[in-house]
Amino acid sequence: ELASPRARNNVDNLTLHRERATPARGSLPVEVMRWDACNLPLRPASVDVFVTDVPFGKRSGSKANNKVLYPAFVKEMARVCRPRGRAVILSQDKRTMSRILANNAYWTKTSTRRVNVGGLVAGVYHIMRNTQPYLI
């Protein structure tokens, strides 16, 4: 429930800072949508890059929910991401995310970085979509 307003607020703040720094550039061409991450209303192979902050299982959701959500959204990203497309995922549930990416048919993990997010150690996962055709 809070994700969409927070995302919109982040975009608005970025736009404000950008306009102050370079007024001629104007606002950012960004839209904030609220969609089901496991059933995106997008055509197959239509996305170049995903950047997402998934529920950590602390304030939103739970670690048990993540074990269902993470594989489903990673599979859905594979459906809509073009071959050689990329994704950057921020997750505090490192065990679940690492397990899903370890033997994934559609994604190759290119790097992982540990970051501190409000006192929580999270992982930033950079993954690349391979050329394996998506199978329903």
Side-chain angles (χ1 to χ4, degrees):
E1 295 292 322
L2 297 175
S4 295
R6 285 182 181 165
R8 179 76 258 162
N9 188 49
N10 288 341
V11 170
D12 290 345
N13 284 330
L14 287 171
T15 299
L16 179 63
H17 291 299
R18 178 183 162 142
E19 288 173 349
R20 284 182 183 158
T22 54
R25 291 178 72 185
S27 64
L28 293 171
V30 175
E31 291 183 58
V32 176
M33 310 298 254
R34 184 173 176 176
W35 292 340
D36 178 351
C38 302
N39 187 22
L40 296 170
L42 300 170
R43 293 185 325 271
S46 62
V47 175
D48 294 323
V49 177
F50 278 93
V51 178
T52 186
D53 174 359
V54 296
F56 285 15
K58 299 284 185 187
R59 283 185 272 176
S60 176
S62 68
K63 299 278 184 170
N65 290 350
N66 290 351
K67 290 178 182 175
V68 175
L69 173 66
Y70 285 15
F73 98 80
V74 167
K75 185 175 180 184
E76 180 65 355
M77 282 194 317
R79 181 185 71 80
V80 301
C81 194
R82 69 170 175 77
R84 305 274 186 237
R86 298 165 311 211
V88 177
I89 304 167
L90 174 67
S91 172
Q92 195 271 330
D93 192 347
K94 298 175 294 297
R95 179 175 291 144
T96 300
M97 186 58 67
S98 294
R99 181 181 51 79
I100 292 161
L101 297 176
N103 297 306
N104 195 284
Y106 302 111
W107 295 99
T108 302
K109 184 169 64 169
T110 58
S111 67
T112 305
R113 301 281 186 260
R114 299 289 185 230
V115 296
N116 183 318
V117 180
L120 298 174
V121 177
V124 176
Y125 300 85
H126 179 235
I127 59 178
M128 180 176 283
R129 176 72 167 85
N130 61 31
T131 57
Q132 174 73 29
Y134 182 82
L135 303 174
I136 296 175

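Just so it is clear, the model here is predicted, and its values are computed rather than measured.
To the nearest 0.5 Å, atoms CD (Gln92) and NZ (Lys94) are separated by 4.5 Å. Atoms CG and CG, from Asn104 and Asn130 in turn, are 8.0 Å apart once rounded to the nearest 0.5 Å. Atoms CG and CG, from Asn66 and Asp93 in turn, are 4.5 Å apart once rounded to the nearest 0.5 Å. In this structure, OH on Tyr70 lies 11.0 Å from CG on Leu101, to the nearest 0.5 angstrom. One distance of note links CE of Met77 with CG of Leu42; it measures 12.5 Å at 0.5 Å rounding. Atom CD1 of residue Ile100 and atom OH of residue Tyr125 lie 9.5 Å apart, to the nearest 0.5 angstrom.
Val51 and Phe73 are assigned to two separate hydrophobic clusters, defined by single-linkage of ILVMFWY side chains at heavy-atom distances under 4.5 Å. Under the 4.5 Å side-chain contact rule for hydrophobic residues, Met128 and Met97 do not share a cluster. Residues Val74 and Leu40 share a single hydrophobic cluster, defined by chaining ILVMFWY side chains whose heavy atoms lie under 4.5 Å apart.
Closest non-hydrogen pair, Val68 versus Pro71, comes out as O-CD, 3.4 Å. In terms of heavy atoms, Val88 sits closest to Val124 at CG1-CG1, 3.6 Å. Smallest separation of non-hydrogen atoms from Trp107 and Gly85: CZ3-O, 4.2 Å. In plain terms, the two heavy atoms of Val47 and Val49 that are nearest each other are CG1-O, 3.5 Å. Heavy-atom minimum distance, Tyr134 versus Tyr106: CA-CE2, 3.6 Å.
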Please output the side-chain donor-acceptor pairs of residues 108-122 that fall under 3.5 Å, not counting sequence neighbours, one pair per line with the distance.
residue : atom : partner : partner atom : Å
Thr110  : OG1  : His126  : O            : 2.9
Thr110  : OG1  : His126  : ND1          : 2.4
Asn116  : OD1  : Gly119  : N            : 2.8

- request: Show your working on side chain to side chain contact (heavy atoms under 4.5 Å, CB included) between Ile127 and Phe50 and close with a plain yes or no.
  value: CA-CA 10 Å; Ile127 59 178; Phe50 278 93; over 6 Å; no
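Environment of NZ in Lys67: sparse, with no more than 12 heavy atoms of neighbouring residues, nucleotides or ligands closer than 6.0 Å.
For Arg129 (side chain) and Pro83 (main-chain N/O), no donor-acceptor pair under 3.5 Å exists by modelled atom type.
Residue pairs meeting the salt bridge (Lys or Arg N to Asp or Glu O under 4.0 Å) criterion with at least one member in residues 79-91, sequence neighbours excluded, are Asp48-Arg82, Glu76-Arg79.
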